[in-house]
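Reading through the structure tokens given below for one structure.
Keep in mind it's a predicted model, so treat the numbers as computed, not measured.
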Amino acid sequence: MYFTAYHTFQLSPLLVTRDFGYDLLFCRLQNLEFGVMGSQPHVLVVPYPAQGHVAPFMKFSHRIVDHGIKVTFVSPEFIHERLKTTMPMKSPIRLVSFPDGLEPGDDPNDKIKLINSFLEVMPGHFKDLIEKINESDDEHIGCVITDGMVVPALEVAEKMGIKMAVLWPAGPATLAIILSIPKLIQDGIIDIRGTPLKNELIWLSKEIPAWTSTKLPWSCPGDSKRQEFLFRHLFRMNHFVKQCNWLLSNSFYELDSLALNLIPEIIPAGPLLLANQSGSHIGSFWPEDSTCLSWLDKQPVGSVIYASFGSTSIFSQQQLDELALGLELIGQPFLWVARSDIINETLTKFLYGFRTRIADRGRIVNWAPQEQVLAHPSTACFLSHCGWNSTLEGISMGVPFLCWPYFTDQFQNKSYICDVWKVGLGLNPDENGIITRHEINIKIKTLLFDDGIKTNALKLKEMAKKSVTEGGSSLKNFESFIEQIKH
Ligand code: UDP
């Protein structure tokens, strides 16, 4: 039986979300009182600070609280501020933020610096938070859930003897190759910075797609600083992924049993989707423009091209022009998510003229309620960068893909979409590395007339649904995980 007790927490440097009943109030706590549930099991959820990690972790957190487990969601201030503006006022998740660790004069737009400084300062705050919660008679942190890349959180949990769950938010094949990094180095295939030493295909098994040396999960074409940063984190997480008590995956067994079988301890519990398609904004960094849903209502069934490239893809001006002109050339309705930071130059001026030209059939938004868009009957296909969340969302809604990967695991996800599951087509750049308007136009038309791809997409949709409904493989795995962390 649960009961409510009230305790005084001394969390002076922390920014904490207070949860009175279900009303969220955001405030900086300096020796403030708030209520906590008595004997309720309690977990700390700590995603890597990026949109593609925070979104599935927030969905997972909601599923956990639905089972009577208390969740405290930890993020740096720069993420917390964004979540505050987009989260619904009524939420059962308690948000806690830690300082970013930036020194005066540091550039807050330097993402690498920001994440590094946060990871440096977070262990002290994290340990304090756990100790404060554990000091109370009726509360105890039973488990820390992170995605493997927040190594400092795992180090603290390991030292304090707290159980660790790693929820891997990307594909299982990607995790399999990351777990092979020590062997790839030992075999002279890559060096200790992740740079390939040979220009050859890397096979983990003959049954899953190979990686080319320039399309590894840490490959960031044209940005060696980011590539090294990413590789360092992926390399470090190896130890903890092997030590953790649970290794969960945002995938489902029937989708990719061959890659999942390469990681014997993995527990597939996906796809992680919004529990309720009418609820949105869960874990979004930008406010969603839901007016596009009423616009979709007015479009013919199966007519709209949805174009969205996740939270980090950046286009050159020339490439953006070709994309816009390609969407215009197709002559069908389209919904395009053009984030304000999708190019380094200013977007507004360029889009102004374009918007006027395509006003009768095109809609451009800064951020969309993506799952709802993909589930809408008017949506015909998904022009996507193939981030893992977008991939699973498109699969779960039965939407065919036109693939335009940008970096990291997106290349491998594209191989799965086009060559393994056969639910999409890829776009090929020209000799100058540009994906032209003509390529976009031709491929979209080919895709829309491909009945085989449509049939495969609908089959995968059914499989995804089955895995998370009563008796399904992912639901069973999730329920078993919940039972274990409750006891
Ligand atoms: N997303 C969204 N609205 C948009 C574009 C994306 O809600 O307009 C969500 C999308 O549903 C997904 C996440 O942002 O859950 C992006 O994650 P993904 O792994 O696809 O790409 P990343 O942003 O990590 O590159």
Side-chain angles (χ1 to χ4, degrees), residues 47-55 78-79 107-119 147-151 168-171 173-181 184-185 189-202 209-238 285 308-320 323 339 341-345 384-391 403-417 426-429 432-435:
Y48 184 79
Q51 176 69 91
H53 297 243
V54 168
F78 68 98
I79 301 286
D107 176 7
N109 296 318
D110 181 345
K111 286 279 154 38
I112 294 182
K113 173 123 200 135
L114 201 53
I115 294 174
N116 273 337
S117 63
F118 165 67
L119 294 176
D147 54 27
M149 286 175 71
V150 192
V151 166
W168 179 245
T174 299
L175 181 60
I177 192 162
I178 290 168
L179 296 180
S180 306
I181 287 175
L184 295 177
I185 294 175
I189 295 171
I190 57 170
D191 68 12
I192 53 161
R193 295 175 154 201
T195 311
L197 299 172
K198 297 173 190 166
N199 187 16
E200 59 186 35
L201 290 177
I202 302 175
W211 285 262
T212 63
S213 56
T214 53
K215 293 180 177 167
L216 291 159
W218 50 91
S219 297
C220 301
D223 191 346
S224 56
K225 194 175 160 205
R226 193 173 190 180
Q227 179 162 318
E228 279 181 29
F229 163 81
L230 195 55
F231 180 77
R232 213 171 44 248
H233 285 290
L234 297 174
F235 192 3
R236 273 190 83 197
M237 79 178 223
N238 258 269
F285 286 6
S308 171
F309 305 93
S311 57
T312 51
S313 307
I314 305 242
F315 288 73
S316 65
Q317 182 69 62
Q318 186 190 1
Q319 186 58 86
L320 194 84
L323 166 58
R339 293 183 342 264
D341 57 352
I342 201 165
I343 53 168
N344 291 324
E345 295 81 14
S384 169
H385 72 310
C386 310
W388 183 252
N389 294 292
S390 295
T391 301
C403 301
W404 190 335
Y406 171 67
F407 71 173
T408 60
D409 63 325
Q410 297 158 12
F411 302 116
Q412 177 79 350
N413 300 340
K414 178 210 160 195
S415 301
Y416 268 91
I417 290 170
L427 288 166
N428 296 318
N432 301 314
I434 293 291
I435 292 179

Partner set under side chain to side chain donor-acceptor pair (under 3.5 Å) for [X], not counting sequence neighbours:
X	value
Asn199	Ser213
Thr212	none
Asn238	Lys242

- [ ] Measure the spacing between CH2 of Trp404 and CD of Gln319 and express it to the nearest 0.5 Å.
- [x] 4.0 Å

Task: Non-neighbouring partners of Arg236 that pass salt bridge (Lys or Arg N to Asp or Glu O under 4.0 Å), sequence neighbours left out - done: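 Counting only residues at least two positions away or on another chain, Arg236 forms a salt bridge (Lys or Arg N to Asp or Glu O under 4.0 Å) with Glu155.
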
Open item on the list: Just to verify, what does Glu228 make a salt bridge (Lys or Arg N to Asp or Glu O under 4.0 Å) with, not counting sequence neighbours?
Closed with: Arg193

Task: Pair Phe309-Phe315, ring pair (Phe, Tyr, Trp, His ring centres under 6.0 Å): steps then yes or no - done: CA-CA 10 Å; Phe309 305 93; Phe315 288 73; 5.0 Å; yes

Open item on the list: Quick one, Ile178 with Met149, criterion side-chain contact (heavy atoms from CB on, under 4.5 Å). Give me CA distance, side-chain angles, the key distance, then yes/no.
Closed with: CA-CA 11 Å; Ile178 290 168; Met149 286 175 71; over 6 Å; no

Would you say [X]'s side chain and [Y]'s backbone share a donor-acceptor pair under 3.5 angstrom?
X	Y	result
Asp147	Pro47	no
Gln412	Trp211	no
Trp218	Leu234	no
Gln410	Tyr406	yes
Trp388	Thr391	no
Thr195	Asp191	no

Task: Pairwise salt bridge (charged side-chain N to carboxylate O under 4.0 Å, His left out) hits with a residue in residues 211-226, at least two apart - done: none

TODO: Kindly indicate, with the supporting measurements, whether the criterion side-chain contact (heavy atoms from CB on, under 4.5 Å) is fulfilled by Cys220 and Thr408.
DONE: CA-CA 6 Å; Cys220 301; Thr408 60; 4.1 Å; yes

